[in-house]
Amino acid sequence: MHHRGSGHADQHRRRHRHRLHRRGCAVTVRTRFCPSPTGLVHVGVMRTALFNWAHARHTGGTFVFRVEDTDAARDSEQSYRHLLDSLRWLGLDWDEGPEVGGPHGPYRQSQRREVYRDVAARLLQAGHAYESFSTPEEVEARRRAAGQDPKLGYDNADRDLTDEQEAAYRAEGRQPVLRLRMPDADLAWTDLIRGDVRFAAGSVPDFVLVRGNGVPLYPFTNPVDDALMGITDVLRGEDLLSSTPRQLALYAALTDIGVAEGPPRFGHLPLVTGEGNRKLSKRDPESNFDVYRERGFLPEGLVNYLALLGWSIADDRDVFTPEELVRAFDVTRVSANPARFDVKKAEAINATHLRALPVEDFVARVVPFLARAGLVGDPPTAEQARVLRAIAPLVQERVVVLSDAVDLVRFLFTDEVEIDPAAAGRQLAGAEAAEVLDAATTALRELPGWTAPDVEAALKEALVDGLGRKLRQAFGPVRVAVTGRTVSPPLYESIELLGRDRTLARLAAARAAVPG
RNA sequence: GCCCCCAUCGUCUAGCGGUCCAGGACGCCGCCCUUUCAAGGCGGUAGCACGGGUUCGAACCCCGUUGGGGGCACCA
């Protein structure tokens, strides 16, 4: 009935965008990020945080961080701490919120019970909310008896209970929930991302604000806090789009009793999906934000990729810094299409940022990963720092994430190298390998100088000129002997940094391991 | 089942009625460079879901179909 093509939505959105900009200086934008601290941090959640942050920063507005810890059964302090840490690591600083403060605190819902109790009472008194005694079982039974689908939910049966009926329920010891009386009108708004959206009157039943035991629920606390904190722009996942009519109705009631000053603007961000176009769930391993950090993604690399999940900076470019994101971000240009989380692309974007780093910066960022692997101290010793600085440029362009560096430089920070069996099988198998190792040993043992060019000249003379080997065959066995792997930084530089003693020892060890 | 959202290369996107036999990126495939692996350079592969309108002209506007997704709790 209300189907419209995307183009229509675009038109509305564009009109709205102009309005946004014209009045941008009059009304300061206030966005918020309001996760609940339950378990793992989800990449989709961080994408939502990023867009709210970027929108606030772009418009010169305020970014509020609020924690929705109203579910005692699932929330944890550890998860809460982890959320703050993740946000800070990504570089998303908040202007108001936990550990920062602000004029609308406290910013943890668990500390705002009084606020909700008060607002609930006022809603009840004003007649916008009412007490409802029906149990879920009774509602379902009534639906079935009427030949309706129980999925329709609550039937608004308790809207106009008489005093006698109410008294009777109370006499039974029932604890009523508090429900919002939904208005008898269409609920519609102009979405910042999707244009006009409309839900027909009567399609959303009266919903629960406060449980029978007095605990307020998310559909209640969320808009109440948004209103009290002066939130102007709500950017959230599309999965919450169908709860927007309820928010709008609540907002109307809150506005009536003086708690709110009209509804905020809404922008429903496209879902982040995984394989098979399904919403990326917490079960999917790639949804875990921590693994990217642990693998050594750069915050700016991840910010870049996350921003690409629904937004683009230009038609010919997709690598940018957080500063460029803030400068260019326009929420009305966010795509309404679901976005598949593509680890490969995320890696490619990150690798580009990695390569663009000044060498000293790269070293500083990679040290924690090497230290954790036990290769260097943190901080590294002077000698370790010297070697690291020398090898860094060669490693930097060979890694996608920082942790990739561990295996590439390990041979430089151990006395004896452990040779990868598969590499040995390929390069240290026969008599030819033995010949190469012997010749290399002879050439390097008495070499006067020990720079990379010295090493290169000596090895080429001995192996290519001397033994008549092709470059490939000549250096394969040497590389595996020296680094333990078939993949390594460039050989001559590696040998220079390794030093003569360790190089000769490794050639000898590899020679001894050659069968026959 | 009901409500809502979405629809351009395999993936993410650009596209705002003519400049689009559709541009970029990732991926993939070649070639060049090359001591391995990368990086870099060059080239290639592949897309407007379908059907009707509107218009001189539609990837773009309208309607429908189909397909995909999300939501329908005293969770958030």
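First the proteins, then the strands, lettered A, B, ... as listed; each starts at 1. Treat the numbers as computed from the prediction; the structure is a model and nothing was measured.
- The CG-P distance, from A:Asn304 to B:U13, rounds to 14 Å in whole Å.
- Comparing the P positions of B:A59 and B:G23 gives an interatomic distance of 14 Å, to the nearest angstrom.
- Nucleic acid contact for A:Arg74: base, since at least one base atom lies under 4.0 Å from a heavy atom of the residue.
- Here A:Val177 lies in heavy-atom contact (under 4.0 Å) with a base.
- The main-chain N or O of A:Asp342 is found under 3.5 Å from a side-chain atom of A:Tyr305 such that the two form a donor-acceptor pair.
- Within the structure, side-chain hydrogen bond (donor to acceptor under 3.5 Å, both in side chains) pairs that include any residue of residues 396-409 of chain A comprise A:Asp407-A:Arg410 (at least two apart or interchain).
- Across all strands shown, A:Thr486 has heavy atoms under 4.0 Å from base atoms, whether or not it also approaches the sugar-phosphate.
- Below the 3.5 angstrom threshold, one finds a donor paired with an acceptor across the side chain of A:Arg398 and the base of B:C37.
- When Watson-Crick and G-U wobble pairs are counted only if both distances are under 3.5 Å, B:C28 pairs with B:G44.
- Of all nucleotides present, only B:C63 satisfies the Watson-Crick or G-U wobble test against B:G51, with each distance under 3.5 Å.
- When heavy atoms are screened at a 4.0 angstrom cut-off, A:Lys151 is found touching base atoms of the nucleic acid.
- Rounded to whole Å, the separation between the P atoms of B:C62 and B:U55 comes to 16 Å.
- Listed nucleotides B:C4, B:A38, B:G71 differ in distance to A:Val197; the shortest reach to its side chain belongs to B:C4.
- A:Ser488 comes within contact range of at least one nucleobase, with a heavy-atom separation under 4.0 Å.
- When both distances must be under 3.5 Å, the Watson-Crick or G-U wobble mate of B:A22 does not exist.
- Base pairing annotation: B:G1 forms a Watson-Crick or G-U wobble pair with B:C72, both donor-acceptor distances under 3.5 Å.
- Considering A:Arg170, A:Arg159, A:Arg211 as possible partners of A:Glu131, the one that fulfils the salt bridge (Lys or Arg N to Asp or Glu O under 4.0 Å) test is A:Arg170.
- Counting any heavy atom pair closer than 4.0 Å across all strands shown, A:Tyr154 reaches no nucleic acid atom.
- Salt-bridge annotation for A:Asp420 and A:Arg485: absent, with no side-chain N of the basic residue lying under 4.0 Å from a carboxylate O of the acidic one.
- The side chain of A:Asn277 sits closest to B:G69 out of B:U13, B:G69, B:A25.
- Nucleic acid contact for A:Tyr218: base, since at least one base atom lies under 4.0 Å from a heavy atom of the residue.
- Among the atoms of the strands shown, base atoms are found under 4.0 Å from some heavy atom of A:Pro489.
- Across all strands, A:Gly153 comes closer than 4.0 Å to no nucleic acid atom at all (heavy-atom distances).
- Contact annotation for A:Asp149: base contact, defined as any heavy-atom pair under 4.0 Å involving a base atom.
- Counting distance only, with no hydrogens placed and no angle test, the side-chain atoms of A:Arg479 and the base atoms of B:U35 include a donor-acceptor pair under 3.5 Å.
- No engagement by A:Leu408 is indicated, since no non-hydrogen atom pair under 4.0 Å with the nucleic acid exists.
- Using a 4.0 Å heavy-atom cutoff across all strands shown, A:Leu491 reaches at least one base atom of the nucleic acid.
- Each of B:U8, B:C74, B:C5 was ranked by its minimum atom distance to the side chain of A:Glu238; first place goes to B:C5.
- Neither OP1 nor OP2 of B:A73 sits under 4.0 Å from any side-chain N or O of A:Arg211.
- The side chain of A:Arg472 has B:C37 as its nearest neighbour among B:C37, B:C6, B:C74.
- Taking the ring centroids of A:Tyr292 and A:Phe341, they lie under the 6.0 Å cut-off.
- Comparing B:G70, B:C6, B:A76 against the side chain of A:Thr70 picks out B:A76 as the nearest.
- Distance from the side chain of A:Leu241 is smallest for B:C4 among the nucleotides B:C4, B:G71, B:C26.
- Nearest-nucleotide positions on RNA chain B place A:Ile349 closer to the 5' end than the other of A:Ile349 and A:Pro490.
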- Residues A:Phe51, A:Phe329; criterion ring pair (Phe, Tyr, Trp, His ring centres under 6.0 Å); working and verdict: CA-CA 9 Å; A:Phe51 280 33; A:Phe329 189 76; 5.2 Å; yes

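- Distance from the side chain of A:Leu271 is smallest to B:G70 among B:C26, B:A14, B:G70.
- A:Pro338 comes within contact range of the sugar-phosphate backbone alone, with a heavy-atom separation under 4.0 Å but no base atom that close.
- When distances run from any side-chain atom of A:Arg333 to the nucleotides B:A76, B:C16, B:U35, the shortest one goes to B:C16.
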